[in-house]
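Each remark here refers to the structure printed beneath this line.
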Amino acid sequence: QVQLVESGGGLVQAGGSLRLSCAASGRTFSSYNMGWFRQAPGKEREFVAAISWNFVRSYDADSVKGRFTISRDNAKNTVYLQMNSLKPEDTALYYCAASSRIWDPQTKYDYWGQGTQVTVSS
């Protein structure tokens, strides 16, 4: 069982930056593929970025590539999402997810956090 706790959300003006963190419990964090998803009000949850156990990265190209960077620190059992040049359309509840399955960045996650709210004002 893996427990995930997100932090780092908040209110920021357009063009600003935030860094989200997701702290994971357990001693096998380094073997998990990790992902970030987001859900805006009235919309379905969507994939944002993922990083595999061996540091392969994947991004949703249309919405965040070039602005967001995913990283992980296995010594701290933490995955990060650095978000730059934020836009009002980035406003959403951001979720962290973990998977021990074969690498499939946009699906097949077994564990989810409770989310952290990101609000970008124009």
Side-chain angles (χ1 to χ4, degrees):
Q1 191 80 1
V2 176
Q3 291 186 326
L4 304 172
V5 179
E6 303 96 334
S7 62
L11 174 64
V12 64
Q13 289 188 331
S17 298
L18 283 174
R19 187 177 80 156
L20 305 184
S21 300
C22 173
S25 65
R27 291 179 284 183
T28 58
F29 174 78
S30 61
S31 67
Y32 281 84
N33 301 319
M34 302 297 297
W36 284 99
F37 292 75
R38 67 186 182 185
Q39 187 168 19
K43 295 187 177 181
E44 293 186 354
R45 186 170 61 194
E46 63 178 8
F47 170 75
V48 175
I51 186 166
S52 72
W53 63 274
N54 58 344
F55 295 87
V56 174
R57 291 171 172 84
S58 177
Y59 296 95
D60 180 79
D62 290 340
S63 62
V64 306
K65 194 169 185 179
R67 299 188 297 123
F68 291 9
T69 302
I70 189 170
S71 62
R72 66 189 297 159
D73 185 338
N74 289 340
K76 296 182 178 180
N77 280 16
T78 301
V79 62
Y80 303 98
L81 186 68
Q82 178 66 44
M83 306 187 295
N84 299 328
S85 302
L86 282 162
K87 305 175 182 179
E89 51 264 44
D90 294 318
T91 295
L93 188 62
Y94 283 71
Y95 296 93
C96 173
S99 171
S100 59
R101 308 189 197 192
I102 292 174
W103 173 240
D104 186 352
Q106 299 195 28
T107 63
K108 299 183 180 179
Y109 287 88
D110 305 300
Y111 305 102
W112 294 84
Q114 295 298 307
T116 185
Q117 178 67 38
V118 172
T119 303
V120 184
S121 63
S122 57

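Residue indices begin at 1 and follow the sequence shown.
Between the CE atom of M83 and the CZ atom of R19 there is a distance of 11.5 Å, given to the nearest 0.5 Å. The distance from the OG1 atom of T116 to the CH2 atom of W36 is 7.5 Å, given to the nearest 0.5 Å.
Applying the side-chain hydrogen bond (donor to acceptor under 3.5 Å, both in side chains) criterion to D62, with sequence neighbours excluded, gives no partner residue. Residues that satisfy the side-chain hydrogen bond (donor to acceptor under 3.5 Å, both in side chains) test with R57, not counting sequence neighbours, are absent from this structure. Here F47 pairs with F37 under the ring pair (Phe, Tyr, Trp, His ring centres under 6.0 Å) rule; sequence neighbours left out. For D73, there are no salt bridge (Lys or Arg N to Asp or Glu O under 4.0 Å) partners, not counting sequence neighbours.
S122 contributes no side-chain N or O that, together with a main-chain N or O of P88, makes up a donor-acceptor pair within less than 3.5 Å. Not one N or O on the side chain of R101 forms a donor-acceptor pair closer than 3.5 Å with the backbone of N33. Side chain of N77 to backbone of G26: a donor-acceptor contact under 3.5 angstrom is found. Not a single donor-acceptor pair under 3.5 Å links the side chain of Q114 to the backbone N or O of E6.
Using a 4.5 Å heavy-atom cutoff, the side chains of T69 and Y59 are in contact.
Cluster membership check: F55 does not share its hydrophobic cluster with I102, using side-chain heavy-atom separations under 4.5 Å among Ile, Leu, Val, Met, Phe, Trp and Tyr. Residues L81 and Y111 are members of one and the same hydrophobic cluster, defined by side-chain heavy-atom contacts under 4.5 angstrom among Ile, Leu, Val, Met, Phe, Trp and Tyr.
Applying the side-chain hydrogen bond (donor to acceptor under 3.5 Å, both in side chains) test to every pair with at least one member in residues 79-92, sequence neighbours left out, gives these pairs: S17-N84, R38-D90, R67-D90, Q82-N84. Applying the disulfide (SG to SG under 2.5 Å) test to pairs two or more places apart or on separate chains, those with a residue in residues 61-113 are C22-C96.
Annotation for G9 and L20: closest pair N-CD2, 3.6 Å, computed over non-hydrogen atoms. Nearest heavy atom pair, residue A24 against residue L4, reads CB-CD2, 3.6 Å. Nearest heavy atom pair, residue V79 against residue S71, reads CG2-O, 3.0 Å. Between A98 and M34 the shortest heavy-atom distance is CB-SD, 3.5 Å.
In this structure, W53 places its CH2 atom where only 12 or fewer heavy-atom neighbours from other residues, nucleotides or ligands lie under 6.0 Å away. Counted within 6.0 Å of CD on Q3, heavy atoms from surrounding residues, nucleotides or ligands total 12 or fewer; the atom is thus considered open.
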